[in-house]
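All residue numbers in this chain count up from 1 along the given sequence.
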Amino acid sequence: KTLGVALGLLIVRRVGRRPLLGWGGIVSALALVLVTVGAATVAPKTLLIGLCTFILVFVATWGNGYWVVVTEVTAPGGPDFGASSQAAATAMLFASGWVTSLTFVSIVEAGG
């Protein structure tokens, strides 16, 4: 994950946020297809490669990218509302990530 964050910070400066998020979504989806194929065919190497690829690409693109987007989207509030809207958006990002991390395993276990 640390490598992915560092890689993402370098990439977002060079290519910009839109290509970063676009290509990150495509490559993440392909990595999840690889995970699905590895799980369906009971191929541990394929499954591991898919999981590692997904984690690296997701952290490097969407893991960093949404922080950039939140800052850009909330900045037009101007000096009166910019800081407070950025604070609210950041709080919602942390809260949603926290709730997801608490409930994800329970939801997966309940689904089978």
Side-chain angles (χ1 to χ4, degrees):
K1 284 176 112 177
T2 305
L3 174 66
V5 170
L7 186 63
L9 292 173
L10 293 173
I11 294 172
V12 76
R13 288 180 163 257
R14 290 203 171 109
V15 301
R17 64 176 167 72
R18 284 187 183 199
L20 178 77
L21 295 175
W23 283 106
I26 291 168
V27 177
S28 292
L30 292 174
L32 288 177
V33 168
L34 197 59
V35 169
T36 304
V37 169
T41 60
V42 192
K45 288 182 183 179
T46 305
L47 185 62
L48 184 63
I49 290 169
L51 283 171
C52 290
T53 302
F54 174 77
I55 291 168
L56 178 67
V57 172
F58 182 83
V59 168
T61 58
W62 286 90
N64 291 333
Y66 69 87
W67 294 105
V68 175
V69 171
V70 164
T71 303
E72 291 178 353
V73 168
T74 56
D80 294 332
F81 301 109
S84 61
S85 62
Q86 285 178 357
T90 302
M92 288 304 297
L93 284 173
F94 274 112
S96 62
W98 181 70
V99 169
T100 301
S101 68
L102 286 178
T103 60
F104 182 76
V105 173
S106 301
I107 292 171
V108 169
E109 287 176 355

Same cluster or not: are F58 and L32 linked, directly or through other Ile, Leu, Val, Met, Phe, Trp or Tyr residues, by side-chain heavy atoms under 4.5 angstrom apart?
yes
Q | Cluster link V27 to L20, ILVMFWY, side chain under 4.5 Å | A | no
Looking only at heavy atoms, the pair that brings G50 and V35 closest together is C-CG2, 3.4 Å
Separation between CG (L3) and CD1 (I55), nearest 0.5 Å, reads 12.5 Å
Check your understanding: If we only count heavy atoms from C-beta on, is the L34 to T46 side-chain gap below 4.5 Å?
Key -> yes
Rounded to the nearest 0.5 angstrom, the CG-OG1 distance for L48 and T53 is 9.0 Å
Residues joined to I26 in its hydrophobic cluster, side chain to side chain under 4.5 Å directly or through other members, sorted by chain and number, are W23, L30
Could you see if F54 belongs to whatever hydrophobic cluster contains V33? Use Ile, Leu, Val, Met, Phe, Trp, Tyr and a side-chain cutoff under 4.5 Å. no
Between V59 and G4 the two heavy atoms that sit nearest each other are CG1-C, 3.9 Å
Shortest non-hydrogen pair, L21 vs T61, comes out as CD2-O, 3.8 Å
